[in-house]
Amino acid sequence: MSFNFEIGNRSDVGRVREVNEDYFGSFHGNFGELLVVCDGIGGHKGGETASRLAVDVIKNHFEKLNADYDVMRELQSALSAANNKLVETARQDRSLEGMGSTAVIVLFKDDIAYTANLGDSRIYLVRNEKIKQLTTDHSLVQQMIDSKMLTPEEAKNHPKKNVITKSLGREGEVEPDISEPIELHKADKFILCTDGLTNYVKDEDIFAIASNNPPQQAAGKLVDLANEKGGSDNITVQIAEVKVDIDTPTESSKKKKLLFYFLIGVVLGIAAIGIFKPDVFNLKFLKPVEPDSTKTNLQDSSSVDSSANLINRD
Ligand code: CA
């Protein structure tokens with residue numbers, strides 16, 4: 001079984017901010033299918049620049065690869081390259097100092113999905129009537145939840161909620177979370193989003209909207225819902241639905257089909273000639289035998305020599 005992907009996406013500035021510092025992209029090539037969502041940090045110009053640069057560098061990294069590559073290693077390399085680019089660019093332009101970006105990536109290759117994450121953007125998977133968060137936030141509140149200092153409920157309104165512990169644009173090597181291979185199932189929905197969505201829209205609402213709508217409509221409805229509930233941040237959603245490929249005929253199967261129809265044609269042609277021009281084949285239809293009225297087919301019972309069937313009792 002092979003798969004294709006229906007992709008929907010929407011990014012919105014929200015109701016409060018003036019600039020959309022989120023950025024996303026979906027790309028197709030020899031490398032497979034690549035989806036990226038980034039949430040820029042560092043003030044208007046910095047945030048906007050950082051998320052765009054990150055998506056570009058990640059895309060360019062995969063476009064340069066041959067079809068046969070180690071996905072997990074290249075996800076690490078792509079994020080390292082994006083990190084270096086951000087650090088380098090900020091070094092050259094003082095107005096971009098301090099810029100950074102989150103990054104979430106889903107990469108589909110050979111019927112397998114891989115995810116990578118840095119920061120507090122998220123990836124969810126909707127499968128078998130359930131939603132699962134595939135990524136763990138790199139955030140201060142997540143660390144506090146992990147060490148039992150906070151409950152997930154308390155974390156939702158925590159003042160340090162926006163502090164992230166990992167991102168692109170920092171000196172040193174990046175340490176993204178890269179998933180193990182995830183085998184694709186028909187109708188899987190992978191949802192990538194920024195915190196502008198998840199700060200307002202509950203997981204169960206993401207599940208319901210993603211389950212009941214095609215990807216493009218779902219992305220639009222999710223952004224609308226985040227805006228209805230406040231929209232204080234930029235909101236970006238990207239959804240990929242896994243679809244099963246309908247087999248397209250290969251060249252050899254096309255040739256076989258043509259040969260089959262050709263043979264059928266030949267057989268029908270010969271049959272037609274046989275019917276309308278039997279002489280061609282020196283065929284003569286047998287004439288039905290005229291019944292001879294002078295003879296009867298019925299045997300006169302009196303004339304039957306039944307002696308053969310009679311057992312002589314004497
Ligand atoms: Ca954000």
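Just so you know, ligand 1 is whichever comes first in the structure, and atom 1 is the first atom listed for that ligand. We count residues from 1, following the sequence as given.
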Name of whichever N/O/S atom of Asp39 is nearest to the Ca ion (ligand 1): OD2

Distance to the ring centre below 6.0 angstrom and angle to the axis at most 45 degrees; does that hold for Lys64 and Tyr69? no

Distance col, row Leu35:CG vs Phe108:CZ, nearest 0.5 angstrom, shows 6.0 Å

Below 3.0 Å, any N, O or S contact between Asp120 and the Ca ion (ligand 1)? no

Taking both backbone and side-chain atoms into account, decide whether Asp195 has an N/O/S atom under 3.0 Å from the Ca ion (ligand 1). yes

Which atom, counting only N, O or S, brings Asp233 closest to the Ca ion (ligand 1)? OD2

Any link between Ile112 and Leu184 through a network of hydrophobic side chains (Ile, Leu, Val, Met, Phe, Trp, Tyr) touching at under 4.5 Å? no

Gap separating the OG1 atom of Thr49 from the CG atom of Leu96, nearest 0.5 angstrom: 5.0 Å

Using side-chain contact (heavy atoms from CB on, under 4.5 Å) as the criterion, point out the one residue from Cys38, Cys193, Ser121 that pairs with Val104. Ser121

Look at the N, O or S atoms of Asp22, main chain and side chain alike, and state whether any lies under 3.0 Å from the Ca ion (ligand 1). no

